[in-house]
Amino acid sequence: MPTTIELRALYENLAAEADTRVTNRDWAAAARECAEPPTTPVIRPHGRRTLRIGLAAATVAMLAAGATLAAGELHPTGGPSGGGSEWPVRFLPFGAAAGSGWTVGAKSTGSGEPGATFVRDQLHVGMDVISSQARLQEAEATGQQVAIGPFVGWYIGARLRQVVWQYAPDHIAIATLTRPRRTVTGAAAEAAVLSAARAFDPSATTQMKTAFKVDAAPPGGVLTDVAESHQFGGRSSSVTWTVSEPPQWITVTVSKTAPTRPGESSGTPITVAGRPAWWFPRNLTISLGSGESLYLQDGSDDTGRSTFTEQQMVDFASHITLVKNVDDGSTWFDATALP
Amino acid sequence: MAMDFDGYVRARQRSLLRFAMVLTADPVDAEELLGDVLAVVFERWSLVAAADSPHAYVRRMLVNEFIRGRRRRRHIVLYDDLSGVGAPVEDTSAAHAERAALGHRLRSLPPRQRAAIALRYFEDLSFAQIAELLGSGENAVRSNISRGLRRLRIELDDDPERSPAAPVVFLEV
């Protein structure tokens, strides 16, 4: 079990990384470029009035927003209606409209809310679907009204660069410009976010893919999360099965090898299906060659106890079939095949 | 004489980026967070400069902006792209799995828990100071840190303020 010493070491590594990056940018000049022009009072519908008149008000708004998020959105909702239905795991419940120019990049489904990145040229817009009304109310209170197809949305400022709109009961979409944020600002940022938002197609679905397949779920596990992303400079695939009682989960991830950092210790070297591997309590790492690794992580949100033994993890890993080339997404398996 | 905005940024940018980095646990997120907040600081500089402690004010803005706007990457970035940190190594010595696991769990925490833990274990602030910075009560801070550490599966081995006799009060924030 890691200790606070390891936690502090992790923070020190992060801080050291910050030191190497801080001089890469003229922060004051960048702040001036990103700053908004002076704002004027904005009259909102429903008699609500938003005045941006100073730091105190802005700070209060930030605190209020933080409190709202903490109370309402920090945990999986269990489904869009809150009444037992759940978000799909094997596909995204939306897509990018054909002909819009936007494509769906990184994506995740499951016990959190569905999320994806819409990509067009160099633009990346994060697209999330949630059920909580809190975020919509926050946007309505502080944002500028915009039209997203037949729906009313709220665009929140040049800094957040985000539009929030409700497209169905308990279905709220959030589009946020995630990249590039330094060079795309102001009206260009708003245009990019609104373009992606208008390409959001809730009548479409997007098939989730995985870089591996397996015949059987871990003992007692139910598929709860699937994600496709990039990490360490390569494509990455991740799948989580959850055991409900006691609450545990096991996550399988394929990704490029991570850079090492000072102070790391080694696990116990073993062999899995003829490949070099390392075992840590609740964590199995298998080298796949070509810079990729397969990670199995066992965990619990609350208890910290392990459900799966080393042998169970090794047995499960031994039955995983990988695609021949992780970087070639066209060879990935449909998540519909996951147990 | 009051410091101007550029002077403040030059003097504090290293400290601020370090703080943003430990909050976000991600270089890109940290730079974006700091950039966004400094833009607000620039807009409000006359008010920020007039505060009793401008730096404390800016740090609070960083925390609040982090809590407000950083929840969306929970699943998409399971492990962040650290390709810029250093060259990948051939040896996958699962050492990195241990660190990656801790980093993964850290990034999966709710922002308020993450902020409280960073303030406690990187900034070494007291519970009272953290409560003031987060705009919440001390019990809530203790609860957030306790819950967060449990989710990180951190063993409390060097926290002088927590002993077996000191019960942790769990309150919803």
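Residue numbering restarts at 1 for every chain, and letters A, B, ... go by the order of the sequence lines. Both backbone and side-chain heavy atoms feed into the values below; hydrogens, waters and symmetry mates do not.
- Using a 4.5 Å cut-off between heavy atoms, B/F5 touches chain A through its side chain atoms alone.
- Proximity to chain A (any heavy atom under 4.5 Å) is shown, for B/I117, by both the backbone and the side chain.
- Looking at B/R12, its side chain never comes within 3.5 Å of a backbone N or O of B/H55 through a donor-acceptor pair.
- For B/A20, no part lies under 4.5 angstrom from a heavy atom of chain A.
- Of the residues considered (B/L38, B/V63, B/L16), B/L38 shows the highest number of contacts with chain A, using heavy-atom pairs under 4.5 Å.
- With salt bridges taken as basic N to acidic carboxylate O contacts below 4.0 Å, one links B/D36 and A/R161.
- Within the 4.5 Å cutoff, no side-chain heavy atoms of A/M127 are placed close to those of A/I174.
- There is a side-chain donor-acceptor pair under 3.5 Å between B/R147 and B/S143.
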